[in-house]
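Beneath this line is the structure, given in structure tokens, with notes to follow.
Quick note on labels: first sequence line is chain A, next is B, and so on, each numbered from 1.
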Protein chains: 2
Amino acid sequence: MSLRQQKKLETRQNISHAATRLFIARGFDGVTIAEVAEAARVAKMTVTNHFGRKEDLVFDIRNDFVDWPAKLVQQAPSSTPFAAVRDGYFAALDGRSALLGFAGIEFVGMVRASVTLMAALTQMHLDREQQLAAALLTPGGDILARATAAHLTSILRLLFDEVWDLTYAGDEDLVTKVREAATKAFGQLEPALG
Amino acid sequence: MSLRQQKKLETRQNISHAATRLFIARGFDGVTIAEVAEAARVAKMTVTNHFGRKEDLVFDIRNDFVDWPAKLVQQAPSSTPFAAVRDGYFAALDGRSALLGFAGIEFVGMVRASVTLMAALTQMHLDREQQLAAALLTPGGDILARATAAHLTSILRLLFDEVWDLTYAGDEDLVTKVREAATKAFGQLEPALG
DNA sequence: CACAAATTTAGGTCGGACCTAGTAAGATGG
DNA sequence: CCATCTTACTAGGTCCGACCTAAATTTGTG
């Protein structure tokens, strides 16, 4: 990686860290982009250049998050999409992956306190569905493939919310409880998609 | 209805009609609220008072749209939620209800051309899910009830998109094709929820 | 008719998204 | 190793949606 790219990345992370600190302290909507720029000691426009929307300052893992289910089914072409996503979920659960919603309680509280951020998160789940549907689709767009993508990402979204609920409540048995919920939710859907 | 209420409604519809005309002519993002106000011959603030967000100028049926599935299951307490929504869907399909996406091609094109409006529509589907989940939930929030609400509203959303796809393509056999797609989608889910 | 309540208006502020022109600093080729 | 090209960053804006307050206008009521 060239020095130029290194410096760019440093600037980006510098901004991202300054922003996260401010957001957790004063809430997403209580901080302006100008203040983020000031805290990171860069021009306002530099923030905008690195992060197209204010929400992008918070969800840096967006791309990994969106692509994950589609990758799961592509990397396990022999099993059904249902089995690939279910097995991928339980594997990621053991690793407490951020893709499932594992995060600090301050982060969860900060996002939940902002309508804007919750809407952005919703959109991320939706984009996930689109990616998964694209991975399943024969071009032309069978309705059943799209429905499968929708139902699987719905489960991932509900379980994500479950992780956040328990995180926010400071629950100790988080992983155990989420595993139970996941077993139920995937089990319900198995007769249709398995 | 009092004269005061009548005049308020007139003002509201006056604004809504002026807005829709402008949006179809020049695109949602190509029209400012100030222009809508000017066209409707009211103050800018009157537009804002009637329609909290610019998107609300377009989706006037929002409340009916959001409440519909929850009402279906509440009005048919003897059948399963799955059957109530499925049967309600086919009934509404025969009536070409706007709740399923039936609309003019210009309207569909106008909404699809705007990222903002598509996001607002997404949010309406999500709010639908929340309403339906609330109607199904035993307080405490069983994950299976939430999953059922999610899967059912996903189908309604996919079929809504199907209606719009066919509308936008100017298809003549719209209702027939949508009925087929609905049969497939509900049929897929029946082993899980029926 | 006088007064209360609801609606509309005027004229703002604030912040996010976006733009342009120009500067600074790292990369590249003669 | 210096001149030139490219990329990142900066400065200073514009635009518009969301929101606010105070006041004016219109309608309903005792």
Side-chain angles (χ1 to χ4, degrees), chain A residues 1-20 22-23 25-59 62 110-111 113-121 123, chain B residues 1-20 22-23 26-60 62 110-111 113-121 123:
Chain A
M1 183 185 280
S2 69
L3 180 55
R4 181 172 282 175
Q5 283 175 306
Q6 286 176 34
K7 292 224 168 175
K8 185 174 181 178
L9 192 62
E10 273 174 39
T11 302
R12 184 189 171 86
Q13 290 180 338
N14 176 28
I15 294 169
S16 181
H17 292 156
T20 303
L22 286 175
F23 290 156
R26 288 160 40 202
F28 182 74
D29 300 308
V31 178
T32 68
I33 290 184
E35 287 170 335
V36 171
E38 192 186 348
R41 300 173 49 79
V42 296
K44 193 181 62 170
M45 200 59 205
T46 304
V47 178
T48 298
N49 282 336
H50 279 278
F51 303 91
R53 294 162 311 169
K54 194 184 176 190
E55 304 90 276
D56 297 338
L57 283 162
V58 174
F59 297 116
R62 182 175 217 290
M110 185 263 286
V111 174
S114 161
V115 174
T116 310
L117 286 180
M118 287 306 289
L121 184 55
Q123 196 58 54
Chain B
M1 181 185 280
S2 70
L3 179 57
R4 180 169 284 175
Q5 283 175 306
Q6 285 175 34
K7 290 225 168 177
K8 185 174 182 178
L9 193 61
E10 274 174 37
T11 303
R12 183 188 170 87
Q13 291 180 338
N14 176 26
I15 293 168
S16 181
H17 291 158
T20 302
L22 286 176
F23 290 158
R26 289 160 40 202
F28 182 75
D29 300 308
V31 178
T32 69
I33 289 184
E35 287 170 334
V36 171
E38 192 187 349
R41 300 174 49 80
V42 297
K44 191 181 62 170
M45 201 58 206
T46 303
V47 178
T48 298
N49 284 336
H50 280 278
F51 304 91
R53 295 162 310 170
K54 193 183 174 188
E55 303 90 277
D56 298 337
L57 283 162
V58 175
F59 298 116
D60 229 358
R62 182 174 216 290
M110 185 262 287
V111 174
S114 161
V115 174
T116 310
L117 287 180
M118 288 305 289
L121 185 56
Q123 196 58 53

Just distance, no hydrogens or angles: give the donor-acceptor pairs under 3.5 Å from side chains in residues 38-48 of chain A, sequence neighbours left out.
none

Sequence neighbours excluded, which residues qualify as ring-ring contact (aromatic ring centres under 6.0 Å, His included) partners of A/Phe28?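 Result, ring-ring contact (aromatic ring centres under 6.0 Å, His included) vs A/Phe28: A/Phe23.
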Show the numbers, then the answer: is there a side chain to side chain contact (heavy atoms under 4.5 Å, CB included) between A/Arg4 and A/Lys8? CA-CA 6 Å; A/Arg4 181 172 282 175; A/Lys8 185 174 181 178; 5.9 Å; no
Rounded to whole angstrom units, what separation is found between the CG atom of A/Asp29 and the P atom of D/dA18?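 To the nearest whole Å, that distance equals 14 Å.
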For the helix from C/dC1-D/dG30 to C/dG30-D/dC1, figure out the bend between the end axes, five pairs an end, and round to 10 degrees.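 Overall, the helix from C/dC1-D/dG30 to C/dG30-D/dC1 bends by 10° from one end axis to the other.
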Most 5' of B/Leu3 and B/Phe51 on DNA chain D, judged by nearest nucleotide: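 Between the two, 5'-proximity favours B/Phe51.
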Not counting sequence neighbours, which residues clear side chain to side chain contact (heavy atoms under 4.5 Å, CB included) with A/Glu10? List them please.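 Here no residue qualifies.
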Just how far is it from atom [atom1] of [X] to atom [atom2] of [Y], taken to the nearest 0.5 Å?
X: A/Met118; Y: B/Gln123; atom1: CE; atom2: CD; answer: 9.5 Å
X: B/Asp60; Y: B/Arg12; atom1: CG; atom2: CZ; answer: 4.5 Å
X: B/Leu9; Y: B/Asn14; atom1: CG; atom2: CG; answer: 11.0 Å
X: A/His50; Y: A/Leu57; atom1: NE2; atom2: CG; answer: 11.0 Å

Under 4.0 Å, heavy atoms only, any strand: does A/Val31 hit a base, just the sugar-phosphate, or nothing?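 A/Val31: backbone/sugar contact only, no base atoms under 4.0 Å.
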Going 5' to 3' along DNA chain C, between which two nucleotides do contacts with chain A fall, using a heavy-atom cut-off of 4.0 Å?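 Contact span on the strand: C/dG15 to C/dA27.
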Pair B/Leu3-B/Gln6, side chain to side chain contact (heavy atoms under 4.5 Å, CB included): steps then yes or no: CA-CA 5 Å; B/Leu3 179 57; B/Gln6 285 175 34; 4.2 Å; yes
Under 3.5 Å: donor-acceptor pair, side chain of B/Arg62, backbone of B/Asp56: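 Side chain of B/Arg62 to backbone of B/Asp56, a donor-acceptor pair under 3.5 Å: no, none is there.
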Pick out the pairs of N or O atoms, protein on one side and nucleotides 8-11 of chain D on the other, that lie under 3.5 Å.
residue: D/dA8; atom: OP1; partner: A/Lys8; partner atom: NZ; Å: 3.1
residue: D/dC9; atom: OP1; partner: A/Thr11; partner atom: OG1; Å: 2.7
residue: D/dC9; atom: OP2; partner: A/His50; partner atom: NE2; Å: 2.6
residue: D/dT10; atom: OP2; partner: A/Ala43; partner atom: N; Å: 2.9
residue: D/dT10; atom: OP2; partner: A/Thr46; partner atom: OG1; Å: 2.3

